[in-house]
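Chain naming here is simple, since letters A, B, ... match the order of the sequence lines and numbering starts at 1 in each.
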There are 2 protein chains.
Amino acid sequence: MVTIVDVAQLAGVSTSTVSHVLNGTRNVEPATRGRVLDAIEKTGYRQDALARALRRSRTDSIGLVVSDAGEPAFAGMVHGVEQGAVDHDLTLVLANSAEDPAREMRAVRALLERRVDGLIIARCAESSPALTRYLDDAATPVVLLDRLADNSPFDQVGADNRESMRRLATHLHSSGHRRIAVLAGDTRVPTLRERLEGFFDAMPSEGLRDQAILEGHDDAELRSALIGHLRGGAYTCVIACSTPLAVTALESMRDAGLRVPEDLAFATYDGFTHSDLFSPTITTVRQPAFEMGTAAVKLLIDRSASPQSSPRTMRLRQTVELRTSTEEHRIQVG
Amino acid sequence: MVTIVDVAQLAGVSTSTVSHVLNGTRNVEPATRGRVLDAIEKTGYRQDALARALRRSRTDSIGLVVSDAGEPAFAGMVHGVEQGAVDHDLTLVLANSAEDPAREMRAVRALLERRVDGLIIARCAESSPALTRYLDDAATPVVLLDRLADNSPFDQVGADNRESMRRLATHLHSSGHRRIAVLAGDTRVPTLRERLEGFFDAMPSEGLRDQAILEGHDDAELRSALIGHLRGGAYTCVIACSTPLAVTALESMRDAGLRVPEDLAFATYDGFTHSDLFSPTITTVRQPAFEMGTAAVKLLIDRSASPQSSPRTMRLRQTVELRTSTEEHRIQVG
DNA sequence: CTGTTAGCGCTTTCAC
DNA sequence: GTGAAAGCGCTAACAG
């Protein structure tokens, strides 16, 4: 391997001069500079980021831990974080906790040992409290992504889940839906809890007991619960609070012989790509996943600039995309 | 920051003993070992991966450069590579070239400077020859992913594009389709070129001139070319060679008022997730993206084990999933 | 079974 | 404008 020493020798200068040429950290006589550049060229020298990082105590890298790399929404965030990293000349170290708290802990540990300059984390559903303590102790700036906490000591960026659900549910209610089944999923996940809260916000309290709220993390249970509720024909609309839940809902409805939107209206969060090309097209609340990723990196950068400022929470606005699955003319007002 | 020295002092041993306890690299008397472990516990010591890597000349990390982090197929590969990395106790450094050769070059450089132990790369469409030379020189093992080269000096893993297209086209031909429009896209990309070759393989040579082969990287041009071809009603089937091309095709057909499968059969590569839930369901050749990712990591590991063995090419089998978009009974045999 | 010590390749005072 | 030299935190001979 060719090191800075080789370059220095060939150029007939000291290693410190080479270093300063490399980094532009002090004035170097043009002639000297030229010789150094030549020597770099000739030797094919490449800076060693490891040694540099060790010496400078910064790696110019950030870590990202996502809870489910397989989900399109998280893939979008990964994409956004990568873009944010490139924009700030950082490299990205990626880990996937796969919704496993132990694996999440290992990932965070590994990233911290690699001395990432910042850590972005979409915590998993049953993230251990030990992780919180661990992060508190770490000197590294942390940004929470997507799954936010109240009173978080960290910066965080997510979506306006509660507000967007309020908009969606209000729209459905004003379209005449009086009995809605909400596939809320695992409400230990803040994102899903917030969406459910938004639904409660929107429903007039006297009508609340007519709604079916299906919570839980067991897919088979959710499925049978949903089918059970829909059998009687009492509900006119189903809302799924995430893409996996939408799959559960659509499959359940299909298995029960219920068509969207003829028999039931349907709306989902996150949804499916290119929904417009297929039938039925699905009313969807879309998360700005990519933008959440870039915003997370920005929060990290800002934090480094002012380490003492109080933690910020960013909520990016989601858009309710109305499509045929909730088309008004098909609703039977009860 | 608490270092190995602090631990050694507290435990009353030398740093080398601490190091050996940490790494299990030599026998340590249980009592000594216990004191060291205690000291580690008390001080909250964490190994510094940077210093360790610098000393050992290995980082236990691998780099991945994908050409389009936004594409689901690549997201799947990222997911697979991450899993492969975890399985081998490696961390993953991710970069996205976004189909930009300059950015690709920068990414590779950055990863090499970070001294990743291996590099997995899905090269972009117009990847510069300079990159090839650069990689040749690098001592780091390289695995090409998805977009393969003939006579590559590197290990590589992709899909059986040519064979799977042969299977698909043969099926369509034997279903009665005699005039097929193939949206081949940018055939500078090996993956797309291989798919097109498979189509040529499958078509009887005397019928070849009846087929429409639409190549190019300009979406608007492809779109108008396709519509032009379809207007006359001469073609009974469209094949799209990637998801973006499928979007182009479906939009074009919709705009031209042509329905799938009533007016035209349609099949695509990669396709859409959960296609079974929507109508029409689309006949799809599915890429085992996740498995390609894990396989790439495995090739990297194998390469480290036997650096001198000759380069291997792996082609993972794609499955042709037949659905309603190509249903036989709708075809008018010409 | 344990300790001493020489670096890994680089940045950055400090001195000239 | 330039150089000498002290480490960053760790591992692994080498020596006992």
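- Closest approach to the A:Ser14 side chain among D:dG1, D:dG3, C:dT11 is made by D:dG3 (side chain taken as heavy atoms from C-beta onward).
- A:Arg115 comes within contact range of the sugar-phosphate backbone alone, with a heavy-atom separation under 4.0 Å but no base atom that close.
- The NE2-C1' distance, from B:His20 to D:dT11, rounds to 7 Å in whole Å.
- For A:Thr43 (side chain) and A:Ile40 (main-chain N/O), a donor-acceptor pair under 3.5 Å exists by modelled atom type.
- Listed candidates were C:dT13, D:dG9, C:dG9. Nearest to the side chain of A:Arg26 is C:dT13.
- In this structure, A:Phe154 and A:Ile121 have side chains that are not in contact, with every pair of non-hydrogen atoms separated by 4.5 Å or more.
- Note on A:Ser57: every side-chain N or O is 4.0 Å or more away from OP1 and OP2 of D:dC8.
- Comparing D:dC8, D:dC10, D:dT2 by their closest approach to the side chain of B:Ile4 singles out D:dC10.
- The nucleotide whose nearest atom lies closest to any side-chain atom of A:Ser16 is, among C:dG9, D:dC10, D:dA5, D:dA5.
- Remark: B:Arg33 CZ is loosely packed, at most 12 non-hydrogen atoms of other residues, nucleotides or ligands lying under 6.0 Å away.
- Each of B:Glu194, B:Gln287, B:Arg193 was evaluated against B:Asn161; a single residue qualifies, B:Glu194, per the side chain to side chain donor-acceptor pair (under 3.5 Å) test.
- In this structure, CZ of A:Arg58 is placed 18 Å from P of C:dC10, rounded to the nearest angstrom.
- No contact: A:Val5 has no heavy atom under 4.0 Å from any strand.
- Here the C1' atom of nucleotide C:dC10 and the CD1 atom of A:Ile40 are 13 Å apart, to the nearest Å.
- Counting heavy atoms from C-beta outward, B:Asn23 and B:Gln47 have side chains that approach closer than 4.5 Å.
- Distances shorter than 4.0 Å separate none of the side-chain N or O atoms of B:Thr15 from OP1 or OP2 on D:dG9.
- Looking at the side chain of B:Arg56, the nearest of the listed nucleotides C:dC10, C:dG3, D:dA12 is D:dA12.
- Across the protein-nucleic acid pair, B:Gln9 atom CD and D:dG9 atom P stand 13 Å apart, rounded to whole Å.
- Along DNA chain C, the nucleotide closest to B:Ala51 and the one closest to A:Arg52 are compared, and the more 5′ of them pairs with B:Ala51.
- One interatomic measurement links the two molecules: CD of A:Glu29 to C1' of D:dT2, which rounds to 10 Å at whole-angstrom precision.
- Here the side chain of B:Ser19 is nearest to one of D:dT11, D:dG1, D:dC10, namely D:dT11.
- Checking C:dT11, C:dT13, D:dT11 against the side-chain heavy atoms of B:Arg55 singles out D:dT11 as nearest.
- No more than 12 heavy atoms of other residues, nucleotides or ligands lie within 6.0 Å of NE2 in B:His217, so this atom counts as exposed by the packing criterion.
- Separating the CG atom of B:Asp60 from the P atom of D:dC10 is a distance of 15 Å, rounded to the nearest angstrom.
- Each of B:Arg33 and A:Val18 was matched to the nucleotide of DNA chain C holding its nearest heavy atom; the match closer to the 5' end belongs to B:Arg33.
- Look at A:Thr25 and you won't find any side-chain N or O under 4.0 angstrom from OP1 or OP2 of C:dT11.
- Computed from coordinates, the B:Asp48 CG to D:dG7 P distance equals 18 Å when rounded to whole Å.
- Protein atom CG of A:Leu22 is 15 Å distant from nucleotide atom P of C:dG9, rounded to whole Å.
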